[in-house]
Amino acid sequence: RELFTGTTINISNNYTIHGVVISDKDNGNINAQNLFLQDETAGIAIRFSVSHNYKLGQEIELNISNQELSEFNGLLQINNVPLSNSKTGNSGIVIVPKIVDILTLSNNFENFESTLIRINNVNLSKSSDGTFEFNVLANDKTGSINLFTNTKATFAKELFPNNTVDLVVIASEFNG
């Protein structure tokens with residue numbers, strides 16, 4: 001993340017990153033070529049050149065030498081990575097989400113982008129059907145943010161709860 005200065009670059013030689021997959025492609029809320037990888041400091045979006053089989057909680061080592069570091073609609077990514085540049089480690093690792101409120105998230109978004117976060121005491125609302133599909137407004141006592149769910153997610157058509165909930169989500173960006 002520190003290498004990115006606002007312009008697309010190719011990462012120089014001898015860079016390897018390690019982290020744990022925090023996205024769950026098996027439930028359809030992310031493209032099968034993409035994943036979010038997080039270590040103890042931060043996370044980043046990885047876009048492989050082909051579909052991958054990495055599971056939620058899988059540890060990965062990724063050679064990112066000579067790979068593109070860029071933004072896609074505001075989201076920092078390592079783009080078009082050959083699957084052969086990755087190798088697995090342990091599985092079943094649980095990442096503890098960082099607890100933030102919406103105001104803190106909004107004011108420090110780059111520090112939380114692509115990481116697993118928890119927002120407590122949230123109310124959800126939507127002007128149409130009350131399902132998770134597409135955009136849902138998440139409100140806490142400090143502000144509101146958009147909660148996006150892919151139409152292909154296994155839970156997209158489920159009704160969201162009407163009571164106050166705690167959200168565990170990946171902080172992501174699409175066009176600001």
Side-chain angles (χ1 to χ4, degrees), residues 1 19-39 42-60 70-81 83 91-176:
R1 293 187 68 83
V20 176
V21 177
I22 60 168
S23 51
D24 183 6
K25 74 168 183 63
D26 291 341
N27 280 308
N29 203 25
I30 191 166
N31 179 306
Q33 288 180 231
N34 303 337
L35 60 78
F36 286 92
L37 190 66
Q38 183 176 333
D39 66 11
I44 193 161
I46 307 295
R47 297 187 192 278
F48 288 104
S49 56
V50 297
S51 295
H52 65 82
N53 290 315
Y54 293 122
K55 304 281 187 200
L56 178 66
Q58 178 73 57
E59 185 178 45
I60 298 176
S70 60
E71 283 190 332
F72 177 76
N73 290 319
L75 178 67
L76 186 61
Q77 65 177 359
I78 301 173
N79 191 31
N80 206 27
V81 179
L83 200 52
S91 60
I93 299 170
V94 176
I95 295 287
V96 176
K98 298 177 182 183
I99 299 174
V100 297
D101 58 34
I102 291 173
L103 181 63
T104 302
L105 174 63
S106 297
N107 288 340
N108 303 283
F109 189 81
E110 293 300 322
N111 295 330
F112 295 105
E113 182 183 55
S114 298
T115 62
L116 195 64
I117 61 168
R118 180 182 176 121
I119 307 170
N120 293 324
N121 302 313
V122 175
N123 291 303
L124 304 174
S125 62
K126 187 174 179 181
S127 60
S128 59
D129 63 4
T131 67
F132 283 103
E133 188 175 39
F134 288 119
N135 296 315
V136 173
L137 192 61
N139 301 285
D140 73 2
K141 65 182 181 202
T142 68
S144 62
I145 58 168
N146 209 20
L147 176 66
F148 176 79
T149 300
N150 190 310
T151 60
K152 295 177 184 175
T154 58
F155 58 91
K157 299 277 186 202
E158 290 180 19
L159 295 174
F160 57 76
N162 291 323
N163 55 321
T164 301
V165 296
D166 298 337
L167 289 179
V168 176
V169 297
I170 299 169
S172 185
E173 183 175 2
F174 187 81
N175 288 333

Separation between [atom1] of [X] and [atom2] of [Y], rounded to the nearest 0.5 Å:
X	Y	atom1	atom2	value
I99	T104	CD1	OG1	12.0 Å
N123	S144	CG	OG	11.5 Å
F112	T115	CZ	OG1	6.5 Å

Partners meeting side chain to side chain donor-acceptor pair (under 3.5 Å) with [X] (sequence neighbours left out):
X	result
E113	R1
T151	none
S125	none

Quick check: closest heavy atoms across [X] and [Y], and the distance to 0.1 Å?
X	Y	value
I170	I22	CD1-O, 3.4 Å
L124	P161	CD1-CD, 4.3 Å
S106	I145	OG-CG2, 3.9 Å
I117	A171	CD1-CB, 4.1 Å

query = Quick check: does any side chain N or O of Q38 sit under 3.5 Å from a backbone N or O of I95, one acting as donor and the other as acceptor?
reply = no

inquiry  = Could you check whether any side-chain N or O of S114 sits under 3.5 Å from a backbone N or O of F36, counting only pairs where one atom can act as donor and the other as acceptor?
reply    = no

My understanding is that only residues two or more places apart in sequence, or in another chain, count here; which of them pass salt bridge (Lys or Arg N to Asp or Glu O under 4.0 Å) with [X]?
X	value
D166	R118
E59	none
K157	E133
E71	none

inquiry  = What verdict does the side chain to side chain donor-acceptor pair (under 3.5 Å) test give for Q77 and S70, after you've listed the backbone C-alpha separation in whole Å, the side-chain angles of each residue and the deciding distance to 0.1 Å?
reply    = CA-CA 6 Å; Q77 65 177 359; S70 60; 3.0 Å; yes

Quick one: side chains of residues 134-142, donor-acceptor pairs under 3.5 Å with protein atoms, not counting sequence neighbours, listed by atom name and distance.
| residue | atom | partner | partner atom | Å |
| --- | --- | --- | --- | --- |
| N135 | OD1 | N146 | ND2 | 3.0 |
| D140 | OD1 | T142 | N | 2.7 |
| D140 | OD1 | T142 | OG1 | 2.6 |
| D140 | OD1 | G143 | N | 3.1 |
| D140 | OD2 | I102 | N | 2.9 |
| D140 | OD2 | T142 | OG1 | 3.3 |
| T142 | OG1 | I102 | N | 3.3 |
| T142 | OG1 | L103 | N | 2.9 |

note = Here the salt bridge (Lys or Arg N to Asp or Glu O under 4.0 Å) pairs for residues 123-132, sequence neighbours left out, are K126-D129

query = Tell me the salt bridge (Lys or Arg N to Asp or Glu O under 4.0 Å) pairs involving residues 20-29, sequence neighbours left out?
reply = D26-K55

ask   = Is it the case that T164 and N121 place a side-chain donor and acceptor less than 3.5 Å from each other?
value = no

query = Mind checking what makes side chain to side chain contact (heavy atoms under 4.5 Å, CB included) contact with V81, not counting sequence neighbours?
reply = I46, F48, L62, Q67, I78, N85

remark   = Sorted by chain and residue number, the side chain to side chain contact (heavy atoms under 4.5 Å, CB included) partners of T149 (sequence neighbours excluded) come out as N29, F132, A153, F155, A156

message = Apply side-chain contact (heavy atoms from CB on, under 4.5 Å) to residues Y54 and L83 and explain how you reach the verdict.
response = CA-CA 10 Å; Y54 293 122; L83 200 52; 4.1 Å; yes

key: N150 side chain reached by I30 side chain, heavy atoms, under 4.5 Å   = no

request  = Decide yes or no on side-chain contact (heavy atoms from CB on, under 4.5 Å) for I60 and L35, but give the supporting numbers first.
outcome  = CA-CA 11 Å; I60 298 176; L35 60 78; 3.9 Å; yes

task = Would you please test I44 and L76 for side-chain contact (heavy atoms from CB on, under 4.5 Å) and show each step?
result = CA-CA 7 Å; I44 193 161; L76 186 61; 4.1 Å; yes

